[in-house]
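Only a predicted model underlies this, so the values are computations on that prediction, with no experimental measurement involved.
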Amino acid sequence: MNKIKSLVMGDAQADRVVPPTGFTAQLTLFVSGAMAFLCVFALALSLASGRVADRWADELARAATLRINAPADQKSAQTQAALRILEQTPGVASARALTSEEQAALLSPWFGSDLPLQSLPIPQLIEVIEADSGYDAAGLRLRLQTEVPGAVLDDHTRWRRPLVDAALALRRLSVVSIALIGGAMAAMITLAANAALSANAQVIEVLRLVGALDSYIAQAFVRRFTLRAIGGGAAGMALGLIGVVLMPAASQEGGFLTGIGFQGIAWLYPLVIPILGGAVAYVATSRAARKKLGNIT
């Protein structure tokens, strides 16, 4: 508590050791602001990729596709037989055969909108929605193999896993990026603190001669650099939030490239960034001051 009080209140005499303006002050403000700005976007990307992973896992886990590969004269009969089997299968919430228009819409991105489905041997697709209890996919495949030889069940496992893994990998990359941002900020502030301490070596010697302890001198540098980091971090965070607000809203067409932002209480998360930036500056400046003062004789 005393450290926090001294950090906020400061000491007028000790503060004179640290130049209020100059290269080191500008560097600290710029670095903390830039890192906070980048951290807001990394945090937004991390949260958005986590939401995408959860949504893809939920949507693809509940949906399956039944494909009827049969001659044209048998396709309708096998489709009806497959629908009856699905209606009798525990764990299947609903099942319906896609219309010709829906199947044409699925194929139009690859073959165009004028695809003549009637003249092509395109299989009939049946959309299967899984209930909360789930169904026995292996048992359903065996029954379909016996009663509907042209039916192939695709539970989207081979599609779901790579998509979810990619979204989770993007989330991990965002977390690593936040850690690297913090490390880069600590390194830059350490350099700035060392430069300020070296520039004020003669002033530090005078303070020592009049009885000032190194801890007293170090506290002045720690306070100035910590407050600068918090101020710069707050400005960078505000600009980052403005940038996030201006990002496109979530849409089906844009996929995960849209909707990169915060939702609900997550809008409060960036408020922690300036505080964490101040903590990084406090630790970095404290270590740099102790080491540098030890070398100044």
Side-chain angles (χ1 to χ4, degrees), residues 1 3-4 7-8 28-63 129-132 134 156-157 159-189 225-285:
M1 186 62 69
K3 287 186 177 182
I4 297 176
L7 185 65
V8 175
T28 305
L29 289 171
F30 174 77
V31 168
S32 57
M35 294 305 175
F37 181 85
L38 296 175
C39 195
V40 169
F41 281 95
L43 181 60
L45 181 60
S46 176
L47 295 174
S49 57
R51 291 194 301 269
V52 168
D54 294 339
R55 186 176 74 248
W56 283 350
D58 184 65
E59 291 178 355
L60 293 176
R62 291 182 174 276
I129 303 299
E130 181 181 353
D132 293 336
H156 300 168
T157 300
W159 305 105
R160 180 174 69 245
R161 191 178 303 278
L163 288 173
V164 174
D165 288 347
L168 292 176
L170 186 61
R171 185 177 189 177
R172 290 192 294 268
L173 180 62
S174 301
V175 174
V176 172
S177 298
I178 293 174
L180 291 176
I181 288 171
M185 180 178 175
M188 293 300 293
I189 290 179
F225 278 85
T226 301
L227 293 180
R228 287 169 183 169
I230 294 175
M237 176 207 66
L239 292 175
L241 286 176
I242 293 173
V244 169
V245 170
L246 296 177
M247 292 286 289
S251 65
Q252 284 295 117
E253 294 78 9
F256 70 92
L257 295 178
T258 58
I260 298 177
F262 305 99
Q263 294 181 359
I265 196 174
W267 281 102
L268 299 177
Y269 294 171
L271 298 179
V272 183
I273 292 176
I275 300 175
L276 292 178
V280 170
Y282 182 90
V283 174
T285 310

Participant: Where is the tightest heavy-atom contact between Trp267 and Phe262, given as atom of each residue plus distance?
Facilitator: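 Taking Trp267 first and Phe262 second, the nearest heavy atoms are NE1-O, 2.9 Å.
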Participant: Can a donor-acceptor pair be found, under 3.5 Å and without considering hydrogens, that links the side chain of Ser46 to the backbone of Ala42?
Facilitator: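 Here the side-chain-to-backbone pair does not exist.
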Participant: Could you tell me whether Phe41 atom CZ has more than 12 heavy atoms of other residues or ligands within 6.0 Å of it?
Facilitator: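 Yes, CZ of Phe41 has more than 12 neighbouring heavy atoms, counting only those of other groups under 6.0 Å.
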Participant: Take a 6.0 Å sphere around CG of Leu268 and say whether it holds more than 12 heavy atoms from other residues, nucleotides or ligands.
Facilitator: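 Count over threshold, so yes.
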Participant: Atom CG of Leu43 and atom CD1 of Ile178: how far apart are they, to the nearest 0.5 Å?
Facilitator: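 These two atoms lie 5.0 Å from each other.
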Participant: Could you grab the distance from atom CD1 of Ile181 to atom CD1 of Ile273, nearest 0.5 Å is fine?
Facilitator: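 One finds 8.5 Å between CD1 of Ile181 and CD1 of Ile273.
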Participant: Return the minimal non-hydrogen interatomic distance between Ala266 and Leu47, and the atom names on each side.
Facilitator: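 Smallest heavy-atom distance, with atoms named: CB-CD1, 3.9 Å.
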Participant: Measure across Gly277 and Met185 and return the closest heavy-atom pair with its distance rounded to 0.1 Å.
Facilitator: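 For Gly277 and Met185, the tightest heavy-atom pair comes out as O-CE, 3.4 Å.
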Participant: I need the minimum non-hydrogen distance between Gly278 and Ile230, along with the two atoms involved.
Facilitator: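 Heavy-atom minimum between the residues: CA-CG1, 3.6 Å.
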Participant: Donor-acceptor check, side chain of Thr285 to backbone of Tyr282, threshold 3.5 angstrom: yes or no?
Facilitator: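 No, Thr285 side chain to Tyr282 backbone: no donor-acceptor pair under 3.5 Å.
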Participant: Can you tell me how far apart CG (Leu276) and SG (Cys39) are? Round to the nearest 0.5 Å.
Facilitator: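 The distance works out to 7.5 Å.
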Participant: Please give me the minimum heavy-atom distance between Ala229 and Thr28, naming the atom from each residue.
Facilitator: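 Scanning both residues completely, I find the closest heavy atoms to be N-CG2, 4.1 Å.
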Participant: What distance do Leu173 atom CG and Ser177 atom OG have between them, rounded to the nearest 0.5 Å?
Facilitator: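 The OG atom of Ser177 is 4.5 Å from CG of Leu173, to the nearest 0.5 Å.
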Participant: Ignoring hydrogens, what is the shortest heavy-atom contact between Gly233 and Ala36? Give both atom names and the distance.
Facilitator: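 What the structure gives for the nearest pair is O-CB, 3.3 Å.
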